Q: 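The following block contains the structure, expressed as structure tokens.
On a predicted model such as this, the values are computed, not experimentally measured, just so you know. Throughout, a chain's letter reflects where its sequence line sits, starting with A, and its residues are numbered from 1.
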Amino acid sequence: MQRDAPSFGRRVSTAEQSNLQAATTSSVKRGAPALFLSALVDILRGGYEDIIAWNPSGTCFMIRDAERFSDEVLVHHFKHNKLSSFQRQLNLYGFRKISRGPDAGAYAHEHFLRDRPEDIQVMAMSSRAEV
Amino acid sequence: MQRDAPSFGRRVSTAEQSNLQAATTSSVKRGAPALFLSALVDILRGGYEDIIAWNPSGTCFMIRDAERFSDEVLVHHFKHNKLSSFQRQLNLYGFRKISRGPDAGAYAHEHFLRDRPEDIQVMAMSSRAEV
Amino acid sequence: MQRDAPSFGRRVSTAEQSNLQAATTSSVKRGAPALFLSALVDILRGGYEDIIAWNPSGTCFMIRDAERFSDEVLVHHFKHNKLSSFQRQLNLYGFRKISRGPDAGAYAHEHFLRDRPEDIQVMAMSSRAEV
DNA sequence: ATCGTTCTAGAATATTCGAGG
DNA sequence: GCCTCGAATATTCTAGAACGA
């Protein structure tokens, strides 16, 4: 009861300049494109390297400190602070958790690559479609 | 309170260079493919020659020191320290214990050969299929 | 690699005197009765009132400090330290999370009541049967 | 109405115990 | 006494479903 409801901030969406945001909003029929992906991009750009970061090659990202991720990152980008909700979103968008090898524990998606932001737009459009 | 409590480590997966990883992840559709085989490969590469090792020709492996294998190897690669659980996994994946000859006491599998890591990938995919 | 590696303890089973354990082992044909329920009983008896506790009437229990529950309780009673794995077990045994009212957030099961340990034995035997 | 959040369940592998050869 | 296997529970990851904003 003492670690609940830490005043959830609004989606700050530092991604105003993120052409991801622009692209999705323009290409999708009606408004409300997936905020999750743009929030994820923001987070990975946002100087949280000690908490969550890309692997060196930019093919997947790892949550390095789950507790700080919940308390410091999620709270500022979503309406909750639950890692499980974040993971549910990852799976909804087709991310998979890597179970073996050097990147074990990281999440990856074929089209979610650090150096190919264009591909991320494809994700945003196809995520729910393929369901 | 706590009986023996050996500190079970996480699967460290020293198999970074293991192309087993790349092949299986790319060929298998979803989810967590068998960690057991990659862990076994890691173990046999991991500098435990006094505890567990391939035979000279690389066709089977022998547990040379069961006690150290339990306490030093299993604990670091699995969530248990029981040789019997390790043996159960071996049998689930089709390994057989050699009963006679120079390699008596070693475990072998048709597709688990030191110098044919590609074949191990076949194991990973067919092991459960044939069950 | 340098993940966290919490030292997972063995199931300490402080429930020696717990007739739950005796009842299940004697009544069930072959071995391995569900350890989860007896572990849960142990936990709720184990002096973790600040971390997990029954409600005053003993009809449900609440995890009060998720972080300490993972690090201090789960690690000593299971082979993991993941709250999500604990929750999966709760659901497998038919527990439900209370969503509203004074006990919101607590887990409850019709036959899991603090003052009716006999009913818990019924759970242990019927939980999987009804699946 | 769609997406987000939460809770529950499915599916695959892992661990344990014991039966049977 | 091994060795192999069946079966039950446990752990993990992903998906279904209900609800809400």
Q: Heavy-atom count check: over 12 atoms from other residues, nucleotides or ligands less than 6.0 Å from C/E118 CD?
A: yes
Q: In terms of side-chain heavy atoms of C/K97, which of D/dG4, D/dT5, D/dT8 is nearest?
A: D/dT8
Q: Give a yes/no on whether any side-chain N or O of A/K79 is located under 4.0 angstrom from OP1 or OP2 of D/dC3.
A: no
Q: Return the value, rounded to whole Å, for the distance between atom CD of C/Q87 and atom C1' of E/dT12.
A: 13 Å
Q: Starting at atom CG of C/L37, determine the distance to atom P of E/dA8, rounded to an integer number of angstrom.
A: 17 Å
Q: OP1 or OP2 of E/dA10 versus the side-chain N and O atoms of C/H80: is any pair under 4.0 Å?
A: no
Q: Kindly say if C/R96 contacts the phosphate of D/dA9, meaning a side-chain N or O under 4.0 Å from OP1 or OP2.
A: yes
Q: I need the CG-C1' distance between C/L74 and E/dA10, as an integer number of Å.
A: 13 Å
Q: Hey, mind stepping through C/L90 and C/L40 against side chain to side chain contact (heavy atoms under 4.5 Å, CB included) and telling me if it holds?
A: CA-CA 9 Å; C/L90 287 175; C/L40 180 54; 4.1 Å; yes
Q: What are the two closest heavy atoms between A/A108 and A/I98, and how far apart are they?
A: CB-CD1, 3.9 Å
Q: To the nearest 0.5 Å, how far apart are CD in C/Q87 and NZ in C/K97?
A: 6.0 Å
Q: Just checking A/E72: does its CD atom have more than 12 heavy atoms from other residues, nucleotides or ligands closer to it than 6.0 angstrom?
A: yes
Q: Let's see if you can work this out: which of D/dT13, D/dA9, D/dT5 has an atom nearest to the side-chain heavy atoms of B/Y93?
A: D/dT13
Q: For the pair made of CG in C/L92 and P in E/dC13, what is the distance, rounded to whole Å?
A: 16 Å
Q: E/dT4 C1' sits how many Å from B/H109 NE2, rounded?
A: 14 Å
Q: Does a side-chain N or O of A/R88 approach OP1 or OP2 of E/dA18 to a distance below 4.0 Å, or not?
A: no
Q: Separation of C/N91 atom CG from D/dT6 atom P, in whole Å?
A: 16 Å
Q: From the list D/dT15, D/dT5, E/dT12, which nucleotide is the closest neighbour of the side chain of C/S85?
A: E/dT12
Q: Let's test your reading of the pairing rules: Watson-Crick or G-U wobble, both distances under 3.5 Å, then write DNA chain D as a dot-bracket string with ( ), [ ], | and dots.
A: .||||||||||||||||||||
Q: So, is C/K82 close to the E/dT11 phosphate, meaning a side-chain N or O under 4.0 Å from OP1 or OP2?
A: no
Q: Please figure out whether B/G105 or C/F86 has its closest DNA chain E nucleotide nearer the 5' end.
A: B/G105
Q: What are the two closest non-hydrogen atoms of B/Y107 and B/C60, and how far apart are they?
A: O-CB, 3.1 Å
Q: Identify which one of A/F78, A/Y48, A/F61, A/F86 satisfies the ring pair (Phe, Tyr, Trp, His ring centres under 6.0 Å) criterion when paired with A/F69.
A: A/F86
Q: Side chain to side chain contact (heavy atoms under 4.5 Å, CB included) for B/M62 and B/N55? Distances and angles first, verdict last.
A: CA-CA 7 Å; B/M62 169 93 73; B/N55 70 344; over 6 Å; no
Q: Taking the nucleotide of DNA chain E with the nearest heavy atom to each, does A/F95 or B/Y107 sit closer to the 5' end?
A: B/Y107
Q: Measure CZ/A/R100 against C1'/D/dT13 and give the value in whole Å, please.
A: 11 Å
Q: Using whole Å, what does the distance between atom P of nucleotide D/dT15 and atom CZ of C/F36 come to?
A: 19 Å
